[in-house]
Amino acid sequence: MNTLPKDISGWGRYPVQRCELVRPERHAELWSEAPSLLARGQGRSYGDAALNAGGRVVLTERVNRFLAFDRDKGIVRAEAGVTLAELLALTVPRGWFPLVTPGTRHVSLGGCVAADVHGKNHHHDGAFGTSVRELELITAGGRRLRCSAQENVEAFRATVGGMGLSGIIGEVELQLRPIESAYIRARHQGAANLEQLFALLQDSDHDARYSVAWVDLMSRGAALGRGVVMNGDHAAADELSGGRRLTPLRLVPHKAHNIPFAMPGWLLNRFSIRAFNSRYFRREGGRDAPFLVDYDTFFYPLDTLDNWNRLYGRRGFVQYQCVVPTATALAALQQLLQRLATSGHPAFLGVLKRMGAQGTGYLSFPMAGYTLAMDLPMQGATTLALLDSFDEVVLQHGGRVYLAKDARLAPASLRAMYPQLAEWQRVRRELDPQGVFSSSLSRRLRMEEEA
Amino acid sequence: MSGAILILGATSAIARGAAAAWAQRGYRLYLAGRDVESLRRDAADLTIRYGVAVHFGAFDAAAHDSHAAFLQRVTEEMGELEGVLLAFGYLGSQARAAADFRETLIIINRNFVDAVSILNLCADQLEQRGRGFIAGIASVAGDRGRQSNYTYGAAKGAFALYLQGLRNRLFPAGVRVLTIKPGFVDTAMTFGMPGLFLVAAPQDVGARIVTAVERGRDVIYVPWFWRYIMLIITCIPERLFKRLKL
Ligand SMILES: Cc1cc2nc3c(=O)[nH]c(=O)nc-3n(C[C@H](O)[C@H](O)[C@H](O)COP(=O)(O)OP(=O)(O)OC[C@H]3O[C@@H](n4cnc5c(N)ncnc54)[C@H](O)[C@@H]3O)c2cc1C
């Protein structure tokens with residue numbers, strides 16, 4: 001197979017590293033002999049999770065065939081390169097929706113499994129792994145292993161959330177959720193500060209299936225952590241009106257706009273972000289009455305702008321996403337926002353979610369508590385120092401950082417954050433004794449090494 | 001739209017693109033190639049996405065004696081054919097071909113002799129039926145011999161000439177023949193090649209093939225601007241061309 005040495009990055013465009021790319025066209029070619037291998041889906045993880053500097057990266061984009069679709073039971077089986085966008089296009093018109101979806105549909109099924117992604121419904125339905133009925137894992141040497149919650153359970157738990165380090169996921173079989181329409185009944189509520197935001201997220205009277213809060217990261221003082229809680233549920237067919245009611249599962253596709261090249265780095269600064277946030281807060285915070293919105297707009301607002309990561313300029317950006325346990329979550333997140341405010345560092349797009357119980361995989365990110373994600377333009381040492389100080393707060397409260405978004409965590413922090421790391425290491429060593437599967441992330445965090 | 005379309009060399013990226021475009025229009029398909037397990041997967045994918053019947057089976061282009069029986073089987077399974085896309089080919093290596101005649105033979109056979117063997121039979125069938133089409137993937141490399149790939153170019157050029165003759169023969173019978181000349185397409189063949197520019201996605205090329213068949217075109221270049229690139233290249237006088245490093 002032809003190889004292509006190329007400088008690539010994750011979605012944050014930081015770091016950029018030279019990898020040896022191969023792109024199999026068929027499932028049978030997923031495995032190739034190389035000293036160091038890593039699968040890559042759509043490159044929507046932010047940092048270095050899908051990079052393998054100096055080693056081989058297997059692009060799975062062309063290994064994207066649907067293999068089976070049971071329209072009565074809502075079970076679909078596909079090659080791991082199939083994207084959520086392709087899945088939605090197939091299943092929504094037939095009344096089925098993924099049980100769990102992240103905030104973009106431009107991700108592969110393999111990537112969703114490897115990061116055990118969570119959606120706005122984690123507090124109800126868990127992470128992606130709970131919807132996986134079976135996986136085909138291609139382990140070191142090219143052996144194919146079927147694994148699930150019943151069969152080869154340990155391999156399953158090392159692969160779900162395992163960041164591609166247990167092998168290449170070849171096929172994924174998923175359970176889907178029945179829906180009556182392609183629309184969401186949504187409701188927005190503004191909150192003047194973080195405490196109020198927490199109160200709204202906990203409010204069981206408004207316990208919608210989907211729930212997420214946008215946080216104004218540039219707010220200060222009494223308004224620290226102000227934001228908008230966005231709740232939603234799948235709308236029933238008879239809630240729709242007019243033409244929509246006749247074809248409740250059909251959507252008119254949206255046209256995406258493209259950011260053609262890296263914008264000047266100063267575009268997203270404290271002042272422009274502050275101005276945007278104030279407008280957004282006033283506009284979205286006031287839509288308290290329930291309204292109907294198509295699923296695309298509700299789940300994938302960022303997908304309307306192709307390559308929006310170029311807004312951050314050449315140096316790229318980092319996303320800091322952490323989860324902290326319920327008991328002290330409010331205090332912990334207040335401290336984080338306080339540190340951010342004092343630092344004066346610009347930060348765009350804050351997202352706060354409630355999370356349910358710990359997931360399937362040994363390294364699954366979610367735990368019962370609250371998760372906050374923030375996008376920070378990469379400004380070198382100041383950014384890295386600020387994030388290190390965030391780690392202190394998160395560690396103090398028994399929380400953890402999301403590996404699918406990480407570009408700079410320290411090996412010692414990883415060990416404190418992921419208590420099942422040793423089990424994961426044991427299973428990984430059994431599956432891949434030579435350590436063929438490796439990534440820039442795994443080497444930076446010394447994930448294979450004990451202590 | 002009850003017709004069935006036979007795709008030879010169906011696991012190639014361009015063939016996959018064309019198969020998707022035909023399936024979207026409701027055509028039934030027969031996918032043929034060497035890698036049956038891959039064909040099985042492609043067939044499942046097309047059926048699930050587009051809800052059409054897709055059959056598949058092993059086809060060995062080099063086994064000329066088996067071609068008649070193969071076509072017979074396809075016709076029995078699918079009914080009469082609406083058309084055929086021939087998508088198999090082999091780039092090989094010019095350097096190896098120069099050093100080892102076995103490589104030369106494979107290049108010539110796969111791109112020309114094998115193709116002629118199966119298309120002769122398809123042509124007879126379609127001619128008798130009095131409608132339908134044959135589409136063959138040649139190459140811009142066949143428009144002018146260059147030191148970097150003249151064995152491949154010669155075989156593809158011969159194939160293009162064959163298709164031209166077939167077009168002439170089948171015209172009165174109402175059977176269309178389309179010659180496709182791809183430039184750089186983003187396939188396994190070109191992945192990682194240095195110096196490529198304006199590379200087309202195989203899905204787009206596949207969709208172009210399908211519309212070109214619908215419009216009854218004779219020869220298409222994909223992407224379209226390759227017609228003009230090749231026009232310039234074929235206009236360079238030989239006295240000058242032979243000095244170029246192309
Ligand atoms: C706008 C946006 C919104 C997002 N929202 C969310 C969200 O709400 N919740 C959430 O959890 N995440 C979210 N993410 C992160 C994203 O869902 C994950 O990073 C996901 O893993 C990306 O999938 P991918 O196909 O792009 O994988 P890549 O980024 O290419 O790879 C991610 C990891 O998966 C591994 N991998 C990929 N394919 C395979 C395979 N076939 N076999 C084995 N390993 C494989 C890679 O090795 C790597 O470790 C978001 C990302 C973006 C850009």
Side-chain angles (χ1 to χ4, degrees), chain A residues 1-8 18-32 56-72 74-83 85-94 96 109 136 144 170-174 176, chain B residues 7 9-20 23-24 29 31 33-54 56 58 87-93 184-197 199-206:
Chain A
M1 215 183 318
N2 299 344
T3 60
L4 172 65
K6 198 175 174 187
D7 291 330
I8 58 168
R18 172 65 49 117
C19 303
E20 181 192 84
L21 305 184
V22 295
R23 190 187 61 195
E25 298 272 342
R26 314 173 193 188
H27 176 264
E29 301 163 345
L30 273 174
W31 167 258
S32 55
R56 181 170 287 187
V57 168
V58 183
L59 305 178
T60 59
E61 59 203 50
R62 295 257 166 116
V63 185
N64 67 335
R65 288 135 185 108
F66 286 103
L67 301 172
F69 178 31
D70 183 330
R71 284 149 206 237
D72 301 323
I75 296 169
V76 67
R77 188 174 182 97
E79 294 175 346
V82 163
T83 64
E86 290 175 289
L87 182 82
L88 290 159
L90 172 71
T91 66
V92 169
R94 283 152 191 113
W96 295 100
L109 298 184
E136 179 203 52
R144 282 149 206 270
E171 296 175 7
V172 181
E173 188 174 291
L174 290 176
L176 306 168
Chain B
I7 304 182
T11 56
S12 86
I14 295 179
R16 233 190 128 191
Q24 207 160 18
L29 301 173
L31 311 180
R34 276 177 303 179
D35 181 348
V36 177
E37 174 53 22
S38 286
L39 295 172
R40 183 194 316 281
R41 286 170 175 269
D42 283 328
D45 182 60
L46 291 163
T47 303
I48 292 168
R49 286 186 203 243
Y50 307 108
V52 292
V54 182
F56 62 93
F88 62 77
Y90 175 64
L91 178 62
S93 147
F184 295 149
V185 184
D186 189 11
T187 62
M189 192 161 108
T190 59
F191 183 79
M193 266 192 193
L196 297 196
F197 52 92
V199 180
Q203 302 89 295
D204 296 342
V205 172

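Just so it is clear, the structure is predicted and the values come from calculations on it, not from any experiment. Note on naming: letters A, B, ... go to the chains in the order of the sequence lines (proteins, then strands), and numbering restarts at 1 for each one.
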Does A/Asn2 use its side chain to pair, donor to acceptor, with the backbone of B/Gly192 at less than 3.5 Å?
no
Which atoms of A/Glu171 come close to chain B, meaning under 4.5 Å heavy atom to heavy atom: side chain ones, backbone ones, both, or neither?
side chain
Are the side chains of A/Thr3 and B/Phe191 in touch, meaning some heavy atoms are under 4.5 Å apart?
no
Are the charged groups of A/Glu86 and B/Arg49 less than 4.0 angstrom apart, N to O?
yes
Which atom of B/Ala44 lies closest to which atom of A/Leu67, heavy atoms considered
CB-O, 3.8 Å
Would you mind checking which part of A/Arg62 comes under 4.5 Å of any heavy atom in chain B, side chain (CB onward), backbone (N, CA, C, O), both or neither?
both
Contacting moiety of A/Leu90, where chain B heavy atoms sit under 4.5 Å:
side chain
Please determine, among B/Met189, B/Arg40, B/Met193, B/Arg16, the option with the most heavy-atom pairs under 4.5 Å with chain A.
B/Arg16
Taking side chain as everything from C-beta outward and backbone as N, CA, C, O, which of these in A/Val76 sits under 4.5 Å from a heavy atom of chain B? Side chain, backbone, both or neither.
neither
Out of curiosity, A/Glu25 CD to B/Asp35 CG, how far, rounded to the nearest 0.5 Å?
12.5 Å
Does any non-hydrogen side-chain atom of A/Arg77 lie less than 4.5 Å from one of B/Ile48?
no
Part of A/Leu87 lying under 4.5 Å from any heavy atom of chain B
neither
Got more than 12 heavy atoms from elsewhere within 6.0 Å of CZ, A/Arg94?
yes
Looking at every non-hydrogen atom in both residues, tell me the closest pair between B/Asp45 and A/Asn64 and how far apart they are.
OD1-O, 3.9 Å
Select one option (side chain, backbone, both, neither) describing which atoms of A/Glu29 are under 4.5 Å from chain B's heavy atoms.
neither
Atom of A/Arg26, atom of B/Ser38 and distance for their closest heavy-atom approach:
CD-OG, 3.2 Å
